[in-house]
Amino acid sequence: MDAVAVIDFETTGLSPLRGDRPTEIAAVLVADGRIVDRYQSLMNAGLPVPPFIERLTGISTAMLRHAPPVEHVMAEVADFVGTVPLVAHNAVFDSRFWDAELSRLGRQRGQSFVCTMLVARRVLPRAPSYKLGALVASLGLPAAEPAHRALADAEMASRLMLRLERELMERFQCVSVTHALLARIQRMPKSQLHAHLVGQGPEVSGLRGSS
DNA sequence: TGCCAGGCCCTCTTTAGGGCCTT
């Protein structure tokens, strides 16, 4: 697969529309089946960290006091990933924060997101859970520590993405796995993906039946 | 004080409701 950037936000809450802001971001560049570069930074948006979030992530208001401003970090990480396609676990969450923070900078995202959770739901339909940590554990992938910190979660999501890529190539006999193919799979009805497994259904670029 | 987002996906569905997943 061509290079992609797997990103993960820690934030003060669930919704930028309700005033929540990022507290930390990590971006992991993946190329040729391995991590080739990393970016990680705490960031200070001038908001206190709610107690629940501090317990979850270990990121406290005091830790953010001397962190660089959110505007500086977001500009830096946006330059770090450039135009490389983006990946995240439950990407609808990260894409909302990414777009909201770039908008504050007068910038706009030019690349698409792939969601490892949506792809996993299709490629691994019998997984007991689609939480990032649970998927990594059930697949026997090495966990990154500490969980619920941006870099560890981004690295685990990148390992999950590479495992999904392997599943598509080996079990689904996928000729080549591209970001564009993952973007199509994550929108594909589960029944359609299964149809390809038994050599039926319409043509999908990059996939061939395994009858 | 009580409540709070939103897209996806399943089902006892589709004129809906509720769980999952992210922090």
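To find a chain, count down the sequence lines: A is the first, B the second, and so on, and within it residues start at 1. The structure presented is a predicted model; accordingly, all values stated were derived computationally and were not measured.
Sorted by residue number, the members of residues 39-53 of chain A with any non-hydrogen atom under 4.0 Å from DNA chain B read A/Phe52, A/Ile53. Heavy-atom distances under 4.0 Å link DNA chain B to no residue of residues 107-116 of chain A. For DNA chain B, the residues of residues 57-68 of chain A within the heavy-atom distance limit of 4.0 Å (strictly under) are A/Thr57, sorted by number.
A/Asp32 meets the salt bridge (Lys or Arg N to Asp or Glu O under 4.0 Å) test with no other residue; sequence neighbours excluded. For the ring-ring contact (aromatic ring centres under 6.0 Å, His included) test, residues two or more places apart in sequence or in another chain that qualify with A/Phe80 are A/Tyr39. For A/Arg163, the salt bridge (Lys or Arg N to Asp or Glu O under 4.0 Å) test picks out A/Glu167, with sequence neighbours left out. Not counting sequence neighbours, A/Arg55 has no partner by the side chain to side chain donor-acceptor pair (under 3.5 Å) test. When the side chain to side chain donor-acceptor pair (under 3.5 Å) test is applied to A/Arg104, no partner is found at least two apart in sequence or on another chain. The side chain to side chain donor-acceptor pair (under 3.5 Å) search around A/Thr116 returns A/His89, not counting sequence neighbours. A/Asp2 pairs by the side chain to side chain donor-acceptor pair (under 3.5 Å) definition with nothing, not counting sequence neighbours.
Spacing of C1' atoms, B/dG18 relative to B/dT13, comes out at 12 Å, to the nearest Å. To the nearest whole angstrom, the two C1' atoms, one in B/dC4 and one in B/dT23, are 14 Å apart.
A/Arg149 comes within 4.0 angstrom of no nucleic acid atom, judged by non-hydrogen atoms across all strands. Counting any heavy atom pair closer than 4.0 Å across all strands shown, A/Asp94 reaches no nucleic acid atom. Among the protein residues, A/Arg122 comes within range of the sugar-phosphate backbone only, with heavy atoms under 4.0 Å from sugar or phosphate atoms but none that close to a base. Within 4.0 Å (heavy atoms only), A/Ser129 reaches sugar-phosphate atoms of the nucleic acid but no base atom.
A perpendicular orientation is assigned to the rings of A/Trp98 and A/Phe113, their planes being inclined by more than 60° (bins at 30° and 60°).
Ranked by how close their nearest DNA chain B nucleotide is to the 5' end, A/Thr12 and A/Arg187 are led by A/Arg187.
For B/dT23, the OP1/OP2 oxygens have a side-chain nitrogen or oxygen of A/His148 closer than 4.0 Å.
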Considering only distance and modelled atom types, tabulate donor-acceptor pairs under 3.5 Å from the side chains of residues 16-23 of chain A, sequence neighbours left out.
residue	atom	partner	partner atom	Å
A/Asp20	OD1	A/Thr12	OG1	3.4
A/Asp20	OD2	A/Leu14	N	3.0
A/Asp20	OD2	A/Ser15	N	2.9
A/Arg21	NE	A/Glu101	OE2	2.7
A/Arg21	NH2	A/Glu101	OE1	2.9
A/Thr23	OG1	A/Glu10	O	3.1

Can you name the atoms? Protein N/O to nucleotides 4-6 of chain B N/O, anything below 3.5 Å, with the distance.
residue	atom	partner	partner atom	Å
B/dC4	O2	A/Arg18	NH2	2.1
B/dG6	O4'	A/Arg96	NH1	3.4

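Computed from coordinates, the A/Asp153 CG to B/dT22 C1' distance equals 10 Å when rounded to whole Å. Whole-Å rounding puts the A/Met117 CE to B/dG7 P distance at 13 Å. Per the geometry, CD belonging to A/Glu101 stands 16 Å off P belonging to B/dT23, to the nearest Å.
A donor-acceptor pair under 3.5 Å is absent between the side-chain atoms of A/Arg166 and the main chain of A/Leu162, judged by distance alone.
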